[in-house]
Amino acid sequence: MRQAIEMLMDIVEAMVADGDLHNLQIELLGVWLAENADPAQVWPASTVSSAIETVLVDGHVSEEERAYLMTTLRQLAFGEFAFKRLGCM
């Protein structure tokens with residue numbers, strides 16, 4: 001499971017690197033989470049999963065939803081979890 005979480009965090013970091021979230025990236029993240037249901041139940045993947053579900057619930061990604069998702073993903077990619085992942089804490 002740890003390997004799947006690491007892979008997810010690599011995906012998240014790549015997604016937020018350029019500051020833009022495109023619909024295809026969001027959809028692919030949703031597919032990855034669906035295909036990795038067990039890790040998606042464990043933090044931090046559960047946070048990503050919840051955010052994706054919220055954003056994709058109506059099948060349309062509004063700019064507000066995109067901003068919410070970007071904020072959530074950035075917090076995970078560059079926040080305390082990222083420092084722990086790098087062994088800085």
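The chain is numbered in sequence order, starting from 1.
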Quiz item: Taking side chain as C-beta onward, heavy atoms only, is Leu29 less than 4.5 Å from Val48?
Solution: yes
Quiz item: Do the non-hydrogen side-chain atoms of Ile26 and Glu65 ever get within less than 4.5 Å of each other?
Solution: no
Distance, nearest 0.5 Å, that separates [atom1] of [X] from [atom2] of [Y]:
X: Glu6; Y: Ile11; atom1: CD; atom2: CD1; answer: 11.5 Å
X: Gln25; Y: Glu27; atom1: CD; atom2: CD; answer: 10.5 Å
X: Thr54; Y: Leu69; atom1: OG1; atom2: CG; answer: 9.5 Å
X: Ser49; Y: Trp43; atom1: OG; atom2: CH2; answer: 14.5 Å

Specify the closest pair of heavy atoms between [X] and [Y], including all atoms of both residues, with the distance to one decimal.
X: Leu21; Y: Met15; result: CD2-CE, 3.6 Å
X: Ala45; Y: Leu33; result: O-CD2, 4.2 Å
X: Met1; Y: Asp38; result: SD-O, 4.3 Å
X: Asn23; Y: Arg66; result: OD1-NH2, 2.9 Å
X: Glu13; Y: Ala77; result: CG-CB, 3.8 Å
X: Ile5; Y: Pro39; result: CD1-O, 3.8 Å

Quiz item: Does the pair Leu8 and Asn36 meet the rule for a side-chain contact (heavy atoms from CB on, under 4.5 Å), with working shown?
Solution: CA-CA 10 Å; Leu8 174 62; Asn36 293 274; over 6 Å; no
Quiz item: According to a 4.5 Å side-chain heavy-atom criterion applied to Ile, Leu, Val, Met, Phe, Trp and Tyr, with indirect links allowed, do Phe78 and Met7 form part of one hydrophobic cluster?
Solution: yes
Quiz item: Should Met70 and Leu28 be counted in the same cluster of Ile, Leu, Val, Met, Phe, Trp and Tyr side chains packed under 4.5 Å apart?
Solution: no
Quiz item: Do side-chain atoms of Ser50 reach the backbone of Ser46 as a donor and acceptor pair under 3.5 angstrom?
Solution: no
Exercise. Would you please test Val61 and Tyr68 for side-chain contact (heavy atoms from CB on, under 4.5 Å) and show each step?
Key: CA-CA 10 Å; Val61 181; Tyr68 160 72; over 6 Å; no
